[in-house]
Amino acid sequence: LKRPPVSDLAFRRAVAGALDYKKIAQSLLAKSGKTASAGFVPTALTGGNRPPELVFSPGQSRRTLTEAGYEDTDQDGLLNHPVSGTNIRLKLLARSDLEGMAPLLPIISHNLGQIGIGLDVEWADLSTWIVRVRKKEHDLVLFRTTPWGMLMEAGYGTGYFDSRRSGGGTLANVEDPEFHRLCDKILETTDPDIRVRLYQKILQYYAGHLPAVALCWAMNAYPFSNRLSIPVVNPVEGGILNRETLAQIRKLPAEQVSP
């Protein structure tokens with residue numbers, strides 16, 4: 001987030017609006033994919049309280065770039081840096097060990113090309129990817145989140161972005177003291193009402209600053225017998241096969257069994 005042009009919020013907004021989220025979700029997850037919001041965090045955590053969904057709007061993205069001073073000065077199809085005048089080509093670092101990346105990248109490349117941004121993809125295995133992310137040898141990173149990743153540190157994905165945190169799979173790309181204060185306040189309180197308000201501010205921060213965008217979310221289905229009561233679904237600990245459910249599962253009375 002420190003190096004232009006991605007350090008420019010207007011540029012990040014244009015990139016976010018250029019991506020065809022429905023096509024990406026269909027390509028990666030078919031009917032199990034769901035488009036995301038600018039608040040980054042999935043509805044399973046937010047309870048439906050989140051910013052509006054990300055919208056595919058390449059026309060608006062191009063207008064945003066023009067208003068921010070990005071123009072194709074040499075008429076070769078790619079926008080030029082306002083200062084250096086060179087073509088804008090972004091380096092995207094992708095993990096070679098994740099399924100579904102190969103068909104996903106042409107969509108992203110095409111979407112960015114439509115608004116005048118070139119894309120160069122570099123593949124890396126997990127260990128190499130981690131080293132390069134730490135060295136900031138990229139403009140964009142394609143990565144995945146996990147249920148645990150959404151819960152670690154202060155929660156709501158903060159562990160991916162807080163620059164004070166290091167570790168494999170984290171970006172540590174947000175050095176903003178405002179974001180750090182929000183994270184610290186969440187970790188300092190056990191009051192559920194205060195945490196709800198702070199988490200809402202985290203969602204607003206993601207939507208307003210766009211340190212990352214979620215391309216899509218996976219919807220997991222857990223089949224179980226309608227004769228049983230399943231009290232807890234825990235995506236971190238085996239879905240319905242978690243300790244709480246296994247300790248509390250019970251057979252429903254016949255009159256409560258749905259057809």
Side-chain angles (χ1 to χ4, degrees), residues 1-25 34-43 46 49-73 77-94 104-105 107-121 136 138-143 145 156-158 160-163 171-179 182 199-217:
L1 298 180
K2 285 186 172 182
R3 188 168 58 247
V6 291
S7 56
D8 182 357
L9 178 56
F11 187 88
R12 297 202 298 277
R13 286 175 175 160
V15 169
L19 302 174
D20 190 341
Y21 298 98
K22 290 184 178 180
K23 190 171 184 178
I24 288 171
K34 183 175 178 60
T35 55
S37 79
F40 189 77
V41 181
T43 50
T46 64
N49 186 18
R50 63 176 189 169
E53 285 191 356
L54 293 161
V55 177
F56 176 45
S57 51
Q60 180 58 51
S61 291
R62 195 63 186 252
R63 288 190 291 273
T64 298
L65 290 168
T66 300
E67 292 170 1
Y70 298 94
E71 298 181 2
D72 182 8
T73 56
L78 292 178
L79 298 175
N80 300 95
H81 286 278
V83 177
S84 67
T86 56
N87 283 344
I88 295 179
R89 297 195 65 88
L90 302 181
K91 182 191 295 184
L92 184 147
L93 185 60
L104 189 62
L105 286 168
I107 300 174
I108 297 173
S109 181
H110 174 71
N111 288 162
L112 295 182
Q114 285 183 309
I115 63 169
I117 297 173
L119 189 68
D120 297 318
V121 178
K136 311 299 183 191
H138 57 271
D139 300 300
L140 303 175
V141 167
L142 185 60
F143 74 114
T145 65
Y156 271 44
T158 54
Y160 288 114
F161 306 117
D162 192 329
S163 62
L171 305 184
N173 60 342
V174 178
E175 299 180 359
D176 187 352
E178 176 189 351
F179 182 74
L182 285 174
Y199 278 136
Q200 189 60 34
K201 290 182 179 181
I202 289 288
L203 294 178
Q204 293 168 358
Y205 187 93
Y206 291 153
H209 294 79
L210 295 174
V213 291
L215 299 178
C216 64
W217 294 119

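- Between the side chain of Arg3 and the backbone N or O of His138, at least one donor-acceptor pair lies under 3.5 Å.
- Looking at residues two or more places apart in sequence or on another chain, you find a side chain to side chain donor-acceptor pair (under 3.5 Å) between Ser163 and His180.
- Considering only heavy atoms from C-beta on, Phe11 comes within 4.5 Å of Leu90 through its side chain.
- Residues that satisfy the side chain to side chain donor-acceptor pair (under 3.5 Å) test with Thr35, not counting sequence neighbours, are Glu53.
- Not counting sequence neighbours, the partners of Ser61 by the side-chain contact (heavy atoms from CB on, under 4.5 Å) test are Ala14, Ala18, Ile115.
- Partners of Arg63 under the salt bridge (Lys or Arg N to Asp or Glu O under 4.0 Å) rule, at least two apart in sequence or in another chain, do not exist in this structure.
- In terms of the salt bridge (Lys or Arg N to Asp or Glu O under 4.0 Å) criterion, residue partners of Glu175 (sequence neighbours excluded) are, by chain and number, Lys2.
- Residues forming a side chain to side chain donor-acceptor pair (under 3.5 Å) with Asp20 (at least two apart in sequence, or on another chain): none.
- Taking 4.5 Å as the limit, some side-chain heavy atom of Leu215 sits within range of a side-chain heavy atom of Leu104.
- Evaluation of the side chain to side chain donor-acceptor pair (under 3.5 Å) rule for Tyr21 yields no partner, not counting sequence neighbours.
- Take Ser57 and apply the side-chain contact (heavy atoms from CB on, under 4.5 Å) test, not counting sequence neighbours, and it matches Gln60.
- Applying the salt bridge (Lys or Arg N to Asp or Glu O under 4.0 Å) criterion to Asp72, with sequence neighbours excluded, gives no partner residue.
- Under the side-chain contact (heavy atoms from CB on, under 4.5 Å) criterion, His110 pairs with Gln114, sequence neighbours left out.
- Across Ile88 and Pro5, no two heavy atoms sit closer than the pair CG2-CG, 4.1 Å.
- When the salt bridge (Lys or Arg N to Asp or Glu O under 4.0 Å) test is applied to Lys201, no partner is found at least two apart in sequence or on another chain.
- Listed by chain and number, the residues in a side-chain contact (heavy atoms from CB on, under 4.5 Å) with Ser37 are Arg50, Pro51 (sequence neighbours excluded).
- Shortest non-hydrogen contact noted between Ala212 and Phe161 is CB-CE2, 3.5 Å.
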